[in-house]
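One structure below.
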Amino acid sequence: MFWRGRGRTAPQWRSPQAKGGFKVADGVAGANPENGAGGDDPSRRDFIHIAAGAAAAGAAVTIAWPLVDQMNPAGDTLALASVEFDLTKVELGQSVTIKWRGKPLFIRHRTGAEIAAAIKDDNAPMRDPQTDEVRHKPGKAEWLVLIGTCTHLGCVPTFGGGDYQGWFCPCHGSHYDTSGRIRKGPAPTNLAVPEYAFVSDTMVKVG
Amino acid sequence: MSGHSNYVPKTGFERWLDARLPVARLAYDSLIDFPTPKNLNYWYTFGGILALCLGIQLATGIVLAMHYVPHVDHAFASIERIMRDVNYGWLVRYMHSNGASMFFIAVYAHMFRGLYYGSYKAPRELLWILGCVIYLLMMATAFMGYVLPWGQMSFHGAVVITNLFGALPIIGESITTWLWGGFAVDNATLNRFFSLHYLMPFMIAGVVILHIWALHVTGNNNPTGVQVQSKADTVPFHPYYTVKDGFAIAVFMLMFAAFVFFNPNALGHPDNYIPANPLVTPAHIVPEWYFLPFYAILRAVPDKLMGVLLMFGAIAVLFILPWLDTSRVRSLRYRPTTRMYFFIFVVACFVLGFCGGRLPDEHVIPGLKTFQLLDADLNSMVWLSRFATAYYFAYFLIVLPVMGLSETPLDQPKSISEPILSPSAALPAGAAASPEKRG
């Protein structure tokens with residue numbers, strides 16, 4: 001027992017009138033609140049209870065929403081500029097990792113062998129089936145632009161490891177092929193291709 | 001223990017205070033005069049140790065917050081400044097970081113004790129559930145605290161754990177974005193984790209008060225699991241258990257000090273002394289040791305959503321435990337078969353912890369390649385975690401419900417005092433061999 005009241009009595013809510021059945025007194029101070037809440041004759045007091053309760057609940061939600069929504073991305077975070085990247089910096093067979101929206105972005109200059117390997121596997125059984133063709137811009141098979149976070153739990157895969165000569169995620173062992181498609185391991189989907197466009201032959205704009 | 005108080009105010013001031021705010025009476029009733037079963041062993045000292053751990057974490061944490069800067073550009077450097085330049089900063093930080101580990105050692109001992117002696121069973125269900133709430137809050141607090149130094153493990157740990165929520169269908173992505181405050185773990189994430197890391201210990205303290213309150217309503221369980229029946233079964237908390245807890249605390253502090261002063265980074269990971277780099281994930285990413293069993297459960301499942309659900313399920317099952325155990329006997333001292341399953345359960349927990357720290361494809365027995373079964377390499381960490389995970393859940397969902405109905409328990413003593421006062425008549429056959437006799 002933590003708190004022991006000494007000789008405390010319950011406050012007197014009930015007035016004698018409420019029991020007596022004065023219809024007029026029922027709506028004013030001294031009425032029995034329990035009487036209206038559960039009873040079968042709706043009274044003004046019921047209405048006041050429901051209206052006040054609804055207003056309080058509405059107010060609570062109105063106050064709570066800003067407190068919840070403040071944790072969503074702020075205006076300056078949403079206003080992230082898109083990134084332009086000069087492809088001439090990437091030699092054949094090399095990749096470059098740049099930061100876009102706080103995440104790594106892989107820009108890979110694929111060799112003929114990598115492209116061939118990716119096309120060869122187009123019909124292989126896959127968890128998230130996609131042909132290599134839809135994963136690059138038309139006529140630009142040598143350029144692969146991918147969001148560099150494993151679709152499992154967001155680690156950054158490394159290139160050149162794994163069973164499919166593509167990317168390998170060290171965290172939980174997901175294997176991606178040379179098209180960034182998931183081939184083995186826990187990741188549910190292929191490495192994501194962001195929204196991007198070629199602004200010129202050697203320049204891409206991501207976002 | 002409820003309603004009756006032996007407190008007698010001695011001085012005029014005590015009488016004056018007692019009539020207005022009976023805090024002295026509350027302290028006397030709950031810390032000095034509180035009737036406690038007289039047979040509590042050393043497994044029952046972890047409650048006091050945990051209270052001290054919380055106090056240490058709060059005190060050192062408030063000091064660290066005076067010097068720490070929750071910003072991606074300054075967090076790592078401010079920790080290094082605490083270590084090198086702030087007076088005794090190294091001591092306070094090492095106490096805080098090792099203190100978290102000590103906290104978890106104590107809480108796991110406390111929980112295993114509760115499991116063994118049936119402390120979750122009626123009438124202590126709510127006491128147990130409040131403990132589970134504290135444990136959940138502890139895990140959230142520890143995780144967010146580990147993110148704050150903004151090293152490589154901090155950052156990528158935060159990425160992996162927040163991405164767990166992304167496994168939920170439909171709402172997953174909006175939840176992770178909401179948690180991050182952006183499109184990736186970034187400054188907004190660090191800043192809010194600092195705020196919440198500061199808040200949560202006080203929430204823990206609040207639930208601890210409820211936990212102790214609930215304890216003082218039902219009274220302590222004890223190694224026999226038999227309810228207190230008379231005054232002969234109890235001793236006052238002071239001096240009997242203040243001294244026993246005090247001795248246990250002193251021993252526990254020796255271990256704590258050994259870590260802080262002689263091997264302060266033994267339980268940490270060296271990669272966390274590399275500043276966070278969002279573009280490179282460390283080759284081998286592991287959580288802190290106290291999360292390893294749950295991490296192993298996560299990795300044991302090949303499906304992302306199922307893995308996440310199973311991991312959270314491993315904790316959720318603790319909440320319904322009071323209703324899963326069907327036995328009317330509390331203490332496993334009198335349930336020899338269930339006791340055997342319990343010790344296998346303890347081993348399974350340690351096995352999960354071991355697997356969680358290894359790579360999934362690593363061999364359990366190096367060099368042995370004969371355990372191939374169909375497509376599965378049974379000699380791998382992932383398969384070992386699968387067996388241990390299956391046992392973890394089976395213990396709660398099959399063993400406890402079934403054993404409660406099928407096992408014939410040994411005779412329990414009629415009261416706590418009985419086996420002490422007439423040992424020859426009441427000592428059950430299995431009790432002599434039971435390990436809790438060490439206490």
Side-chain angles (χ1 to χ4, degrees), chain A residues 1-7 67-80 95-106 127-128 147-159 161-163 167-175 182 184-189 192 194 207, chain B residues 1-5 18-19 22 25-26 29-30 72 156-164 166-167 174 176-189 192 209 212-213 216-217 277-286 295 298-299 301-308 359-361 382:
Chain A
M1 169 67 84
F2 263 44
W3 296 284
R4 191 175 296 105
R6 193 178 276 190
L67 293 177
V68 171
D69 192 41
Q70 53 84 20
M71 280 177 67
N72 273 319
D76 61 335
T77 313
L78 289 171
L80 283 170
S95 24
V96 162
T97 307
I98 60 171
K99 208 171 153 189
W100 176 67
R101 291 196 176 176
K103 287 179 182 170
L105 196 71
F106 295 152
R127 185 168 304 156
D128 183 13
I147 294 177
T149 54
C150 180
T151 55
H152 182 225
L153 291 172
C155 295
V156 185
T158 48
F159 188 82
D163 298 352
W167 285 268
F168 173 72
C169 181
C171 290
H172 306 97
S174 290
H175 301 250
I182 179 67
K184 185 182 167 190
T189 58
Chain B
M1 53 225 67
S2 47
H4 179 68
S5 174
D18 195 48
R25 180 181 293 274
L26 174 66
D29 290 350
S30 45
V72 289
H156 292 280
V159 169
V160 168
I161 301 297
T162 51
N163 266 306
L164 292 179
S174 4
T176 43
T177 306
W178 179 75
L179 285 173
W180 290 337
F183 302 105
V185 173
D186 213 332
N187 193 48
T189 324
R192 66 188 51 186
I209 289 173
I212 296 172
W213 188 4
H216 284 209
V217 172
N277 179 1
L279 302 186
V280 180
T281 300
H284 187 193
I285 154 165
V286 283
Y295 194 59
L298 170 77
R299 291 196 307 194
V301 187
D303 182 78
K304 181 176 168 183
L305 178 62
M306 280 307 293
V308 172
L359 293 169
D361 294 336
V382 71

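What you see is a predicted model, and the numbers here were worked out from it, not measured in a lab. Proteins come first, then strands; the chains are lettered A, B, ... in the order of their sequence lines, and each starts at number 1.
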Minimum side-chain heavy-atom gap B:L279-A:F106 below 4.5 Å: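 Result no, sub-4.5 Å side-chain heavy-atom pair not found.
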Applying side-chain contact (heavy atoms from CB on, under 4.5 Å) between B:N163 and each of A:L153, A:T149, A:T151, report the one that passes.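 The single option meeting the side-chain contact (heavy atoms from CB on, under 4.5 Å) with B:N163 is A:L153.
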[X] and [Y]: which non-hydrogen atoms are nearest, and at how many Å?
X: A:L78; Y: B:F183; value: CD2-CZ, 3.7 Å
X: A:C155; Y: B:I285; value: SG-CG2, 4.5 Å
X: B:R192; Y: A:Q70; value: NH2-O, 4.4 Å
X: A:G154; Y: B:V159; value: O-CG1, 3.2 Å

To the nearest 0.5 Å, what is the distance between CG (B:D186) and NZ (A:K103)?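 B:D186 CG to A:K103 NZ: 11.0 Å, rounded to 0.5 Å.
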How many angstroms lie between CG in B:L164 and NE2 in A:H152, if you round to the nearest 0.5 Å?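 Spacing of CG (B:L164) from NE2 (A:H152) equals 8.0 Å.
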Interchain contact, A:P186 with chain B, by part (heavy-atom threshold 4.5 Å):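 Both parts, backbone and side chain.
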Relative to chain A, which segment of B:L298 carries a heavy atom at a distance below 4.5 Å: side chain, backbone, both, or neither?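 Side chain only.
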Below 4.5 Å, heavy-atom pairs only: which of B:P278, B:A184, B:G181 has the largest tally toward chain A?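 Of the options given, most contacts go to B:G181.
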